Undergrad: 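To start, I am sharing the structure in question, which I have written as structure tokens.
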Amino acid sequence: MRILVTGAAGFIGSHTALALLTAGHEVVSFDNYSNSSQESLARVEKLAGESLERVDGDLRDFSALESLLKSGSFDVVVHFAGLKAVGESVEKPLLYYENNVSGTINLLRAMQLAACRKLVFSSSATVYGEVEMNPILESFPLSAVNPYGATKLMIEDICRDLAKSEAGWNIALLRYFNPVGAHESGEIGEDPIGIPNNLMPFVMQTAVGRHKQVNIYGNDYPTPDGTGVRDYIHVVDLANAHSRAVEKIDSFAGAEAVNLGTGQGSSVFELLAAASKAVGTEIPHSIAARRPGDAAAVWADAELAKKKLGWTAERDLDAMCRDHWRWQSKNPNGFRTESEC
Ligand code: NAD
Ligand code: UFG
């Protein structure tokens, strides 16, 4: 198939582009590199032994999308492009609504004009809002707790309304839990700009000496060891799920949501122990106050993904830490060289 991948240079996009190329698909990347580097695409090509087509462009530029979709003859669009930092979304809500929501409306309009109605969209477990019960089923109520989450929920709603308004749309709304890890080669991985908010990149950057210690945000949660529990999922498993979604896109009637998680929760202490094992030394840490807005525990019910995509996550927390560490230790400054930092 010929597939347009927006945000292909980013963390999940690059791993998915590699999975799609490896599965024999043609991949066209569309990215503005606002949170990524072209080097990741070069490495994807090297790993795949295949090239992809690069289009440098911005979702906010409707005419660029219109001409790309009209001339591109795409079978499916896989849409990763978006901004994803929760804190930044609180400070700059208009940037997030414009980039993520208006950008996606542009993409959907361009797809509609080109009669390309098959879409795989990066949603997030954030659409479940304040979590009260686990495991989380796709049928649980949805709400937004910050502007970033609101953009994901709005885009889901827009997709559902669009699919109701016009026959022929097949839209997979994939709700990721906590993506971590890296390709086992250590050549591509997550390259956060600035200080990461998320646990795994912060842990791994601490292991290479970029931070003094990991702050554990609370050890008094109602969880087995008192620290927060999340459903971490290896990015290669996630990428393979996208490959499946592309292949099975016709089975998505209108717009349908599917959780992508392992179905198992791990605590901050468990992740730190697995990371220390992978790194080979204890990672310095200390207990800090709870982070406002954090849930005690969040994990997916992963049954629908098994049923609909024939997919289950295969890699455990040890593999996630081992592969993330290989990437971090081989690329302590991510895709940047020492002089670019
Ligand atoms: P990322 O920042 O690494 O990748 C996003 C890519 O989109 C980047 O290459 C960026 O340059 C590009 N981009 C952003 N705005 C653009 C625009 N206006 N035009 C063109 N390109 C643009 O993020 P990621 O972790 O790979 O996440 C991919 C998607 O998955 C995002 O939509 C994110 O919200 C969603 N998601 C991520 C997580 C996570 O924890 N990583 C969890 C749930 C959902
Ligand atoms: N944590 C720490 N120390 C840190 C960072 C995180 O103890 O330095 C803890 C958090 O309190 C939480 C766990 O580690 O218990 C995971 O935190 P992350 O920030 O890695 O992930 P979250 O589950 O909080 O957030 C992620 C995405 C959000 C998304 C949310 C809900 O980053 O974009 O899942 O789906 F909104």
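Just follow the structure's listing: the first ligand is 1, and inside any ligand the first atom is 1. The structure presented is a predicted model; accordingly, all values stated were derived computationally and were not measured. Excluded from the calculations below are hydrogen atoms, water molecules and symmetry mates; all remaining heavy atoms, backbone and side chain alike, are included.
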Undergrad: Where the closest heavy atom to atom 31 (C) of ligand 2 is concerned, which of N198, V298, T126 has it?
TA: T126
Undergrad: With heavy atoms only and a cut-off of under 4.0 Å, state how N215 meets ligand 2: side chain, backbone, both or neither.
TA: backbone
Undergrad: Any atoms of ligand 2 less than 4.0 Å from a non-hydrogen atom of G228? List them with their elements.
TA: 15 (O)
Undergrad: Under 4.0 Å from a heavy atom of N197: give me the atoms of ligand 2 that qualify, with their elements.
TA: 5 (C), 19 (O)
Undergrad: Please indicate whether any nitrogen or oxygen in Y176 is less than 3.5 Å from any nitrogen or oxygen in ligand 2.
TA: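 By distance alone, the answer is no.
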Undergrad: With the threshold set at 4.0 Å, does a side-chain nitrogen-carboxylate oxygen contact exist between K118 and D75?
TA: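 Salt bridge: no.
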Undergrad: For atom 7 (O) of ligand 2, tell me which residue out of Y128, F202, Y217, F177 has the closest non-hydrogen atom.
TA: Y217
Undergrad: I216 heavy atoms, cut-off 4.0 Å: which ligand 2 atoms fall inside?
TA: 7 (O)
Undergrad: How would you list, by chain and number, every residue that makes a side-chain contact (heavy atoms from CB on, under 4.5 Å) with N331, sequence neighbours excluded?
TA: R43, W327
Undergrad: Heavy atoms under 4.0 Å from ligand 1: which residues qualify?
TA: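 Within 4.0 Å of ligand 1, protein side: G7, A9, G10, F11, I12, D31, N32, Y33, S34, N35, S36, G57, D58, L59, F80, A81, G82, K84, N99, S122, S123, S124, Y148, K152, Y176, P179.
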Undergrad: Find all atoms of ligand 2 within a distance of less than 4.0 Å from any non-hydrogen atom belonging to S124, and give their numbers and elements.
TA: 35 (O)
Undergrad: Can you pull out the closest protein heavy atom to atom 24 (O) of ligand 2? Residue, atom name and distance to 0.1 Å, please.
TA: R291 NH2, 3.0 Å
Undergrad: Relative to the ring of Y176, is the ring of F80 parallel (under 30°), tilted (30 to 60°) or perpendicular (over 60°)?
TA: tilted
Undergrad: Is the shortest side-chain N to carboxylate O distance from E184 to R315 below 4.0 Å?
TA: no
Undergrad: What protein heavy atom lies closest to atom 26 (C) of ligand 2? Include the residue and the distance to one decimal.
TA: N178 ND2, 3.8 Å
Undergrad: Do the charged groups of D31 and R54 touch, with an N to O distance under 4.0 Å?
TA: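 Salt bridge absent between D31 and R54.
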Undergrad: Any idea which protein heavy atom is nearest atom 9 (C) of ligand 2, and the distance to it?
TA: V268 CG2, 3.8 Å
Undergrad: In terms of side-chain geometry, is the basic nitrogen of R336 or E39 positioned less than 4.0 Å from the acidic oxygen of its partner?
TA: no
